[in-house]
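All remarks here apply to the structure that follows.
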Protein chains: 2
Amino acid sequence: MGARPSRPTRPSIREQVQRMREEAIVTAVNRLLATKGYDAMTVDEVAAESGMAKASLYKLFASKEELAGAAMVAVLDRALAFVDALRARAETAAAAGTPVSARAQLEAVTRWAMQTQLEGEMPSLPAHNSSLSASLQSNDDYMDRLLSLSNRLSIWITEAQTRGQLQAAFPPEMVLYTLFARACDPVVALLKDSGQYTHAQIIDWVMASTFQGLGAATAR
Amino acid sequence: MGARPSRPTRPSIREQVQRMREEAIVTAVNRLLATKGYDAMTVDEVAAESGMAKASLYKLFASKEELAGAAMVAVLDRALAFVDALRARAETAAAAGTPVSARAQLEAVTRWAMQTQLEGEMPSLPAHNSSLSASLQSNDDYMDRLLSLSNRLSIWITEAQTRGQLQAAFPPEMVLYTLFARACDPVVALLKDSGQYTHAQIIDWVMASTFQGLGAATAR
DNA sequence: GTCTATAGCTGGATAGAC
DNA sequence: GTCTATCCAGCTATAGAC
């Protein structure tokens, strides 16, 4: 409507404001999903926390499920950025003659995921919600990022397995699930809620349990 | 009303019928909690699945939260029965000169929990539902059993740690949480849903990952 | 004691003023 | 584009007939 052919699309003030509002909403959803979970989160809370009316919020996101999707996309983007930074660092390290092992990369990502959870910034969705998971699986933005992340981690997993850094008897798929599961590990949450331990301590313990197991080293 | 002082309380037919109805309800709740989770479960479904009207159901259980509590009590009772059977078996084995290690007992319980999950009989509650968890924590039947189970497992955990069968650097509390977490492990659920593996295979893998870790044996 | 019918409420989603 | 003021579905819980 009212097309002005030669005017290049430059971000108008209004568009920038919308962008900021969207970010505020996604941040609020992220926090609420991390603290209360999807079912307990109400759209009214999201509107209140992001400082706008619910109706305005629904102009930007068509449904509560889409809100959850946007938060998941955001956290996957952060994970992908972290992974890409790791890859870049590994490349320069390899060029300098001090290569980084695939296992070390996987450990770094796992630490990042637990750190994010401990800081209350890891959104968690219910495992069993058919409506929500159907919505996510038909969300291309979400699925693209999930597959990208899975692919990059799978490369490291198979490399670590062939180099003897990870138990090769496990299907790579299972290793991937196990690492993903650390992002919403109830053990981390319970240790945190007990209030007795530092974040660093919790991460070290769960890392050890994940990669070396609960068994004593001597019992091998 | 109409008290007949000398008549001893013997279970009337009606009371037995009520008992069976209660059991049917708890079984239905258990199945629904295992498949759909607490929030997605409706009381109408429970009534339909246990073959009675909702109003009659509410005569036996005062609220949806109480239904969940009853299902949790039932599964904890099954767990306690399993643990007691293990203890009895260990006692006779010890008397026969072939003692069972604490670690072996813990492994057996963990296998039982995963088996129960794989069979769709492990009720799962939302981690973050303040109303429900408050209700559970003020449910004496539930708390008694939870504490009993925790105490019995904790005895095995500290024994296994002092005997070098489990990593002693972990707080016993953390080991306990880690074993409990296997009962609702998303890795188990995902591997099951993939449909590619047998239950025995899944259990073996997750057991190995839990006790020996993801790392290769040579990488120790 | 069991069921039908419904009250009461919560929360997702929207219409319409401005 | 934003907000106020709803609408309406779905759920827990209960009243009242039989």
Side-chain angles (χ1 to χ4, degrees), chain A residues 1-2 11-26 28-29 32-33 35-71 125-126 128-136 139, chain B residues 1-2 11-25 28-29 32-33 36-71 125-126 128-136 139:
Chain A
M1 53 178 82
S12 70
I13 298 289
R14 180 155 291 157
E15 277 164 354
Q16 288 189 351
V17 166
Q18 270 215 1
R19 264 289 153 106
M20 286 188 53
R21 295 215 131 183
E22 282 185 26
E23 277 175 29
I25 294 169
V26 170
V29 172
L32 287 167
L33 284 182
T35 55
K36 319 184 66 169
Y38 179 78
D39 290 301
M41 177 185 87
T42 69
V43 178
D44 291 86
E45 285 173 326
V46 177
E49 191 142 336
S50 53
M52 65 191 306
K54 186 160 62 163
S56 311
L57 191 154
Y58 268 101
K59 297 271 181 187
L60 299 173
F61 297 90
S63 66
K64 183 184 178 183
E65 288 168 356
E66 218 169 85
L67 285 173
L125 303 182
H128 296 301
N129 184 330
S130 52
S131 165
L132 176 59
S133 49
S135 159
L136 280 178
N139 180 336
Chain B
M1 52 184 83
S12 70
I13 297 290
R14 181 154 290 159
E15 277 165 353
Q16 287 189 351
V17 167
Q18 270 214 1
R19 265 291 153 102
M20 285 188 55
R21 294 216 132 182
E22 283 185 27
E23 277 176 29
I25 294 169
V29 172
L32 287 167
L33 284 182
K36 319 184 64 169
Y38 180 78
D39 291 299
M41 176 184 87
T42 69
V43 179
D44 290 86
E45 285 173 325
V46 177
E49 190 142 337
S50 53
M52 66 190 306
K54 185 161 60 164
S56 312
L57 190 156
Y58 268 103
K59 299 267 182 191
L60 298 173
F61 297 90
S63 67
K64 182 183 178 182
E65 288 169 356
E66 219 170 86
L67 286 174
L125 304 181
H128 297 301
N129 183 329
S130 52
S131 165
L132 176 58
S133 50
S135 159
L136 280 177
N139 180 336

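With sequence neighbours left out, E49(A) forms a salt bridge (Lys or Arg N to Asp or Glu O under 4.0 Å) with R31(A).
Put simply, OH on Y58(A) is 12 Å from P on dG11(C), counting in whole angstrom units. The distance from atom CG of D39(B) to atom P of dG11(C) is 11 Å, rounded to the nearest whole Å. Rounded to an integer number of Å, the gap from CD of E45(A) to P of dG11(C) is 8 Å. Atom NZ of K36(A) and atom P of dT10(C) are 14 Å apart (whole Å). A straight line from NZ of K59(A) to C1' of dA13(C) spans 12 Å, rounded to a whole angstrom.
Residue pairs meeting the side-chain hydrogen bond (donor to acceptor under 3.5 Å, both in side chains) criterion with at least one member in residues 56-70 of chain A, sequence neighbours excluded, are E65(A)-S131(A).
One distance of note links CD1 of I25(A) with CG of L60(A); it measures 5.0 Å at 0.5 Å rounding. Put simply, OG1 on T35(A) and NE2 on H128(B) are 7.5 Å apart, with the number rounded to the nearest 0.5 Å. Note that CG of N129(B) and OH of Y38(B) are 6.5 Å apart. Values are rounded to the nearest 0.5 Å.
The two residues A53(B) and A47(B) have their closest heavy-atom pair at C-CB, 4.1 Å. Contact detail for G69(B) and N139(B): the closest heavy-atom pair is CA-ND2, 4.1 Å. Of all non-hydrogen atoms in L57(B) and M52(B), the two that sit nearest each other are N-CE, 3.9 Å. L33(B) and A71(B) make their closest contact through CD1-CB, 4.0 Å (heavy atoms, listed as atom of the first residue, atom of the second, distance).
Residues from residues 61-68 of chain B that place a heavy atom under 4.0 Å from any atom of DNA chain D, listed by number: S63(B), K64(B). Contacts with DNA chain C (heavy atom under 4.0 Å) in residues 50-57 of chain B: M52(B), A53(B), A55(B), S56(B), listed by number.
Read 5' to 3', the first and last nucleotides of DNA chain D with an atom closer than 4.0 Å to a heavy atom of chain B are dC11(D) to dA15(D).
Looking at heavy atoms from C-beta onward, P126(B) lies in side-chain contact with D39(B) at the 4.5 angstrom threshold.
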Only pairs under 3.5 Å count here: list side-chain donor-acceptor contacts from residues 17-24 of chain A, not counting sequence neighbours, and write none if there are none.
none

